[in-house]
Amino acid sequence: MSDCLFCNIVDGEIPGDIVYDSDSVLAFNDINPEAPHHVLIIPKKHIPTLNDISNSDRDVVGELHLVAKQIAAERGISGSGYRTVFNCNSDAGQAVFHIHLHLLGGRKMSWPPG
Ligand code: 5GP
Ligand code: ZN
C-alpha cells in the first residue's frame, strides 16, 4: 500500500529506527515515545485493523507477541514489566491503519488506561 506510512517503512521508503526484522515482521522505535521503551511491532503484510485479521494471519499475529517478549528481554524489562497494546479504530485512538503492537515499558503505568 503506497499510501500507508508503515508499508513505506517496510519498503525502506521512509526511514525507521529498526530493532527487529524478519521475513514477516518488522519492529522499530516509536517516533513519539510514551515510555522509555516504546517499540512498534508490525506485520510486513498490510492489515488495516485488528478487525481485518483472519485465520491465515495467526502465525504472524503470534510472532508479533514473540517479538515483543524478545525485545523486552533484550532491554531488561521482562521482570519489571511492560505493556502490549493494539489500538483498534477511533474509540481506541488508532491513528495508523496498519496494525501494530505497541510495546511500552521502563516506567510504572496506570490502569485503567485513559
Ligand atoms: P496508534 O495510535 O495508531 O495505535 O499508534 C500510532 C503510533 O505510530 C503512535 O505511537 C505514533 O507516535 C507512531 N508513529 C506515527 N508516525 C510515525 C513514524 O513516522 N515513525 C514512527 N517510528 N512512528 C510513528
Ligand atoms: Zn500498510
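Positions are given from 1, in the same order as the sequence printed here. When reading the values below, keep in mind they use all heavy atoms of this one structure, side chains included, and skip hydrogens, waters and symmetry mates. Both counts, for ligands and for their atoms, begin at 1 and track the order of listing.
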Q | Asp91 CG: over 12 foreign heavy atoms closer than 6.0 Å | A | no

Q) Going by the order shown, which atoms of ligand 1 are within less than 4.0 Å of some heavy atom of Phe6? A) 8 (O)

**Q.** Proximity of Leu5 to ligand 1 by residue part, where a heavy atom lies under 4.0 Å
**A.** side chain

Q. Taking the minimum heavy-atom distance to atom 12 (O) of ligand 1, which of Asn89, Asn87, Asp30 ranks first?
A. Asp30

(Q) Do Val39 and Arg75 make a side-chain contact, defined as non-hydrogen atoms from C-beta onward lying under 4.5 Å apart? (A) yes

Q.
Could you tell me, atom by atom, which parts of ligand 1 come under 4.0 Å of a heavy atom of Phe28?
A. 22 (N)

**Q.** Any side-chain heavy-atom pair of Asn32 and Asp30 under 4.5 Å
**A.** yes

Q) Considering only heavy atoms of Ala95, which atoms of ligand 1 have at least one such atom less than 4.0 Å away? A) 1 (P), 2 (O), 3 (O)

Q) Is the closest side-chain heavy-atom distance between Phe97 and Leu5 below 4.5 Å? A) no

Q) By atom name, which N, O or S atom of His46 is the nearest to the Zn ion (ligand 2)? A) ND1

Q.
According to a hydrophobic-cluster definition based on side-chain heavy atoms being under 4.5 Å apart (Ile, Leu, Val, Met, Phe, Trp, Tyr only), do Leu104 and Tyr20 belong together?
A. no

Q) Checking His38 side chain against Ile31 main chain: does a donor-acceptor pair fall under 3.5 Å? A) no

Q: Check for a donor-acceptor pair, side chain of Glu13 on one end and backbone N or O of Ser2 on the other, with a separation under 3.5 Å.
A: no

**Q.** His65 backbone acceptor or donor facing Glu63 side chain under 3.5 Å
**A.** no

Q) Taking the six-membered ring for Trp, are His100 and His102 ring centroids under 6.0 Å apart? A) yes

Q. What do you reckon, does Asn29 put a non-hydrogen atom under 4.0 Å from ligand 1?
A. yes

Q.
Looking only at N, O or S atoms, which one in His98 sits nearest to the Zn ion (ligand 2)?
A. ND1

Q: Among all protein heavy atoms, pick out the one at the shortest distance from atom 5 (O) of ligand 1; state its residue, atom name and that distance to 0.1 Å.
A: His100 NE2, 3.0 Å

Q: Nearest heavy atom to atom 17 (C) of ligand 1 wins, so pick from Val96, Ile31, Ile99.
A: Ile31

Q. Is it the side chain (CB and beyond), the backbone, both or neither of His102 that lies under 4.0 Å from ligand 1, heavy atoms counted?
A. side chain

Q: Could you establish whether Gly93 and ligand 1 come within less than 4.0 Å of each other, counting only heavy atoms on the residue side?
A: yes

Q) Should you measure from each heavy atom of Asn32, which atoms of ligand 1 turn up under 4.0 Å away? A) 12 (O)

